[in-house]
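One is the number of the first residue; the rest follow in order along the sequence.
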Amino acid sequence: MTIHKKDDRFFTQNWTIRVPVHSRDLESNAPSGCVVVKNVNESNAQEWIDSQTFVPMQAEKDVRKENLLNQCVQAKSRHDYMEVIAYLEPAPGSEPTFIGFGELLEIPSTTGRSTANAGICIESDVRGRGLGTLLFLVLLRLACELDLEVIEAGTMKENQGMRALARKLGLAETEEIKLHPNGSGAVVADVMFNDIDVHGMLSNGAFADLDIVFQEFE
């Protein structure tokens, strides 16, 4: 297997990934155009936090921004964290359609192997059109850049959309209770997709049509 040479620019620059919707075998009602994914970092953190209408209190937004900035700064050297936003590229003269966001985050591990969880959140009004599949695919490509050994994802049994997405990508499913890493005891998943072989997917060309463009911070 060819060893993937990681690119530090994923952690030190702005970047955009475009993936044509028509390049994938998606649902019949999938839109035309491209899904565009951008990284969240110091240069656009405020804009991203302000857009989170599901967080009404300014004090909570301030805490979220501080945590996000700390993780982004730490990731420049440790390469252990990414947060991205995704939207459907608009037609000329139109506004982009927000799809959702994704996160790669190091979590505590009981195996002694450094582990990252890959998670996405999709807007309810664009679900069922294959857009979550594309965002998760991009997230798995980004996971190849992390300096972590294991990539995993999880969901609840009733989330048939996520389970179908994982099957489409060839991920093995295991029934397993996963608790929130903050120690609260809250169950965050009862179905897991463990040891996702992102480097094998990379070698097999699973991400070949992703158009990645880097740009220096403004």
**OP:** Kindly give the heavy-atom pair with the smallest separation between Gly132 and Ile120, and that separation in Å.
**Re:** O-CD1, 3.7 Å
Original post:
Cluster partners of Leu179, using ILVMFWY side-chain heavy atoms under 4.5 angstrom, listed by chain and number?
Top reply: Met156, Ile177, Val187
Original post:
For Glu89 and Tyr87, what are the C-alpha separation, side-chain angles and deciding distance, and is it a side-chain hydrogen bond (donor to acceptor under 3.5 Å, both in side chains)?
Top reply: CA-CA 6 Å; Glu89 193 170 53; Tyr87 60 89; over 6 Å; no
Original post:
Is the side chain of Asn70 donor-acceptor paired with the backbone N or O of Glu66 at a distance under 3.5 Å, no angle test?
Top reply: yes
Subject >> Hphob cluster co-occupancy, Leu210 + Val198, side-chain heavy atoms under 4.5 angstrom >> reply: yes
**OP:** Could you check if a side-chain atom of Tyr81 sits within less than 4.5 angstrom of a side-chain atom of Glu106, using non-hydrogen atoms only?
**Re:** no
**OP:** Work out which heavy atom in Ala143 is nearest to a heavy atom in Leu104; give both atom names and the distance.
**Re:** N-CD1, 3.6 Å
Original post:
Met162 and Leu139: same hydrophobic cluster, using ILVMFWY side-chain contacts below 4.5 Å?
Top reply: yes
Original post:
Is Ile122 reachable from Val191 through a run of hydrophobic residues whose side-chain heavy atoms are each under 4.5 Å from the next?
Top reply: yes
Subject >> Note, Glu145 side chain near Phe11 side chain (heavy atom, < 4.5 Å) >> reply: yes
Subject >> From Gln215 atom CD to Asn39 atom CG, the distance as rounded to the nearest 0.5 Å >> reply: 10.5 Å
Original post:
What do you reckon, is CD of Gln160 surrounded by more than 12 foreign heavy atoms closer than 6.0 Å?
Top reply: yes
**OP:** For the residue pair Glu83 and Gln71, establish whether any side-chain heavy-atom pair is separated by less than 4.5 Å.
**Re:** no
Original post:
Under 4.5 Å between any side-chain heavy atoms of His199 and Asp197, yes or no?
Top reply: yes
Original post:
Heavy atoms, side chains only, cut-off 4.5 Å: are Leu140 and Phe207 in contact?
Top reply: yes
Original post:
Distance-only, no hydrogens or angles: does the Trp15 side chain make a donor-acceptor pair with backbone N or O of Phe10 under 3.5 Å?
Top reply: yes
Subject >> Heavy-atom neighbours of Lys168 NZ exceed 12 at 6.0 Å >> reply: yes
Original post:
Taking NZ, NE, NH1 and NH2 as the nitrogens, is one of them in Asp147 or Lys6 under 4.0 Å from a carboxylate oxygen of the other?
Top reply: yes
Original post:
What heavy-atom pair brings Leu135 and Ala86 nearest, and what distance separates the two atoms?
Top reply: CD1-CB, 3.8 Å
Subject >> Check: Glu176 main-chain N/O paired with Thr174 side-chain donor or acceptor under 3.5 Å >> reply: no
**OP:** Report yes or no: do Val126 and Val19 belong to one cluster of Ile/Leu/Val/Met/Phe/Trp/Tyr joined by side chain heavy-atom distances under 4.5 Å?
**Re:** yes
**OP:** Not counting sequence neighbours, which residues clear ring-ring contact (aromatic ring centres under 6.0 Å, His included) with Phe136? List them please.
**Re:** none
Original post:
For the atom pair CG (Asn194) and CD (Glu173), what is the distance rounded to the nearest 0.5 Å?
Top reply: 11.0 Å
Subject >> Any donor-acceptor N or O pair under 3.5 Å, side chains Gln74, Asp80 >> reply: yes
Original post:
Would you call Asp195-Arg113 a salt bridge at under 4.0 Å N-O?
Top reply: yes
**OP:** Determine whether Asp125 and Phe98 make a side-chain contact, defined as any pair of heavy atoms from C-beta on separated by less than 4.5 Å.
**Re:** no
Subject >> Over all atoms of both residues, closest heavy-atom pair of Glu149 and Gly112 >> reply: OE1-O, 4.2 Å
Subject >> Closest non-hydrogen atom pair, Ala118 against Ala153 >> reply: O-CB, 3.3 Å
**OP:** Nearest 0.5 Å please: distance from the CD atom of Glu42 over to the SG atom of Cys72.
**Re:** 6.0 Å
Original post:
Just by modelled atom types, is the Ile17 backbone N or O under 3.5 Å from a matching donor or acceptor in the Asp211 side chain?
Top reply: no
Original post:
So, are Glu158 and Arg163 salt-bridged, with charged N and O less than 4.0 Å apart?
Top reply: no
Original post:
Are Ile151 and Leu171 co-members of a hydrophobic cluster defined by side-chain heavy atoms under 4.5 Å apart?
Top reply: yes
Original post:
Between Pro20 and Cys34, which heavy-atom pair has the shortest distance, and what is it?
Top reply: CA-SG, 3.8 Å
Original post:
Testing Leu68, Val73, Asn14 for side chain to side chain contact (heavy atoms under 4.5 Å, CB included) with Asn41, which one passes?
Top reply: Asn14
**OP:** Kindly indicate whether the side chain of Phe101, heavy atoms from C-beta on, has any atom under 4.5 Å from the side chain of Val40.
**Re:** no
Original post:
Rounded to the nearest 0.5 Å, how far apart are CE of Met201 and CG of Leu169?
Top reply: 5.5 Å
Original post:
Is there side-chain contact between Met192 and Lys178, with at least one heavy-atom pair below 4.5 Å?
Top reply: yes
**OP:** Using atom types as modelled and distance alone, determine if a side-chain donor or acceptor of Asn204 lies under 3.5 Å from a backbone N or O of Ala206.
**Re:** no
Original post:
Could you state the interatomic distance from CD1 (Ile85) to SG (Cys121), rounded to the nearest 0.5 Å?
Top reply: 13.5 Å
**OP:** Verify side-chain hydrogen bond (donor to acceptor under 3.5 Å, both in side chains) between Asn117 and Glu103, making sure each step is shown before the conclusion.
**Re:** CA-CA 8 Å; Asn117 179 264; Glu103 184 179 59; over 6 Å; no
